2 protein chains.
Amino acid sequence: MLAAVLSVREATLHVLLWQRARAPHAHRWALPGGVLGAREDVRTSMLRQLSEKVDVREVAHLEQLAVFSAPDRRPGARRIATAFLGLVPSDADPRVPPDTRWCPVARLPETAFDHGEIVRGARERLQGKLSYTNVGFALAPPRFTISTLRVLYAAALGYDVDPTNLQRFLSRRGQLVATGGSAPPGPSGGRPASLYRFRSRRLEVTDEFVAFRPPR
Amino acid sequence: MLAAVLSVREATLHVLLWQRARAPHAHRWALPGGVLGAREDVRTSMLRQLSEKVDVREVAHLEQLAVFSAPDRRPGARRIATAFLGLVPSDADPRVPPDTRWCPVARLPETAFDHGEIVRGARERLQGKLSYTNVGFALAPPRFTISTLRVLYAAALGYDVDPTNLQRFLSRRGQLVATGGSAPPGPSGGRPASLYRFRSRRLEVTDEFVAFRPPR
DNA sequence: TCAAAAGTGTTCTAGCTACACCCATGG
DNA sequence: CCATGGGTGTAGCTAGAACACTTTTGA
């Protein structure tokens, strides 16, 4: 049971890691997690374990990634890990324990066991789903401007995104709702940006087919 | 450890199930599987367990689906299942034990535990991946005509597919290679169909982005 | 009035759908 | 020569990428 909890902080994709104090792999950085309880399913258990690190209400999305099971993936007693991808909106600022930090995914510190691989898997899953689902909601605050959203998408994808096209992409799919409000412009002026929200804050597949749409 | 092994048989998507002899859920139909060994990872273990039901060389693709972990998912001692999706080409005709059969996915017999849900998950995964990867190779014989391939895609997707567009879809992505050979026409005549093969018989993502392609 | 930032309009193009038409074979 | 099925050409449409242009604000 491990979770790669991703969030965009200061325009960069970060992951929540804690520094191990004890051997094995002392001082290396590890994903939060623990062991499955007798009366829990894996999702419930993951949420319980995360609640020790972050406020669970701030985890806007949680999904299974994969099982990591190589017999030698960690020294000592064998442990099989069900890995999860968690997403925390950029506005949430959860209190975390002193040994825990948000680390930039592009420049990870030395990670424990196979946790680096899990983080890379999580990032790839997120990148894919940004393009054919509404997962963006889980990176964004409840209300946001298109510029803000652009920064979040760019950080998660690792390349620049055109705000015009982002706006139209989401609008065409009915995912963007104008709230009516607007954000005040910055100190150097400029037109105030309208505030939007996602129509739904639960995962929806917006592009079921790349090709092979059923005939009319 | 459970596998939903799918294959197109007689123009219909089937799954490999075996009928339980003993309680619990006697006479119901279950997915093949077993328990993880001490020195195996889940993939190796799954292949080992499948080898008891089908010839493993015929499983052209095997990937993790999800972990099923509800505490009450089956009576008796708790068991957590890592579910896999397996694919067997339509030309392979593996010898299976007497209690084991290919069952049509659209009309499953009464299934044991949560195995029905797993089969539905497997079908959905396959349907999605047919559209943005080359998984088709794992449903098809080594050499095939476009008409044959059309039948396989239609069976897996559950709706009709235009052979013209299928041909171009795969050609555009460089997945189709003409072998030069051709298949003899049927008893009522007709132009002989050319034989093709997939360029690669390992999973490749052919459409990485639905939208948000990186700028040039 | 100018700079800055947001938002709209428009053109270009790739690629999917649909369908008409041509090709190769058996009877 | 016709029926049958395979294969090609092509028109139409959708929607993403790129970018010019307009709008709204602060100084």
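Every value quoted in this text rests on a predicted model; they were computed, and no experiment measured them. Quick note on labels: first sequence line is chain A, next is B, and so on, each numbered from 1.
- Cation-pi geometry between R74(B) and F113(B) is met: under 6.0 angstrom from the ring centre, within 45 degrees of the axis.
- Between S147(A) and dA5(C) there is no side-chain polar atom (N or O) within less than 4.0 angstrom of OP1 or OP2.
- Within the 4.0 Å cut-off from OP1 or OP2 of dA6(C), not a single side-chain nitrogen or oxygen of Q167(A) is found.
- Rounded to a whole Å, the CZ atom of F209(A) is 17 Å from the C1' atom of dG15(C).
- The interatomic distance linking R213(A) (CZ) with dC13(D) (P) rounds to 16 Å, in whole Å.
- Residue contacts shown for R150(A) are absent, as no nucleic acid heavy atom lies under 4.0 Å away.
- Projected onto DNA chain D by closest heavy-atom contact, S194(B) and V210(B) fall at different nucleotides, the more 5' of which corresponds to S194(B).
- For F169(A) and dA17(D), the CZ to P distance is 9 Å, given to the nearest whole Å.
- Few gaps surround CZ on R73(B); more than 12 heavy atoms of other groups in view lie less than 6.0 Å from it.
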Exercise. Once each nucleotide of nucleotides 19-27 of chain C is scored for protein heavy atoms under 4.0 Å, what B/S/- sequence comes out, 5' to 3'?
Worked result: B---BBBSS
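- Salt bridge status for R173(A) with E204(A): absent, with no side-chain N to carboxylate O gap under 4.0 Å.
- dA5(C) atom C1' lies 14 Å from atom CD1 of I146(A), rounded to whole Å.
- dA17(D) atom P lies 11 Å from atom CG of L157(A), rounded to whole Å.
- Between the side chains of E63(A) and H61(A), at least one donor N or O sits under 3.5 Å from an acceptor N or O.
- In the displayed structure, R79(A) atom CZ is contacted under 6.0 Å by at most 12 heavy atoms of other residues, nucleotides or ligands.
- In this structure, L166(B) places its CG atom 12 Å from P of dG7(D), rounding to the nearest Å.
- In this structure, CG of L170(B) is placed 12 Å from P of dT17(C), rounded to the nearest angstrom.
- At whole-Å resolution of the value, CG in L176(A) and P in dA6(C) are 15 Å apart.
- Using a 3.5 Å distance cut-off with no hydrogens or angles, the side chains of S171(B) and Q167(B) do pair a donor with an acceptor.
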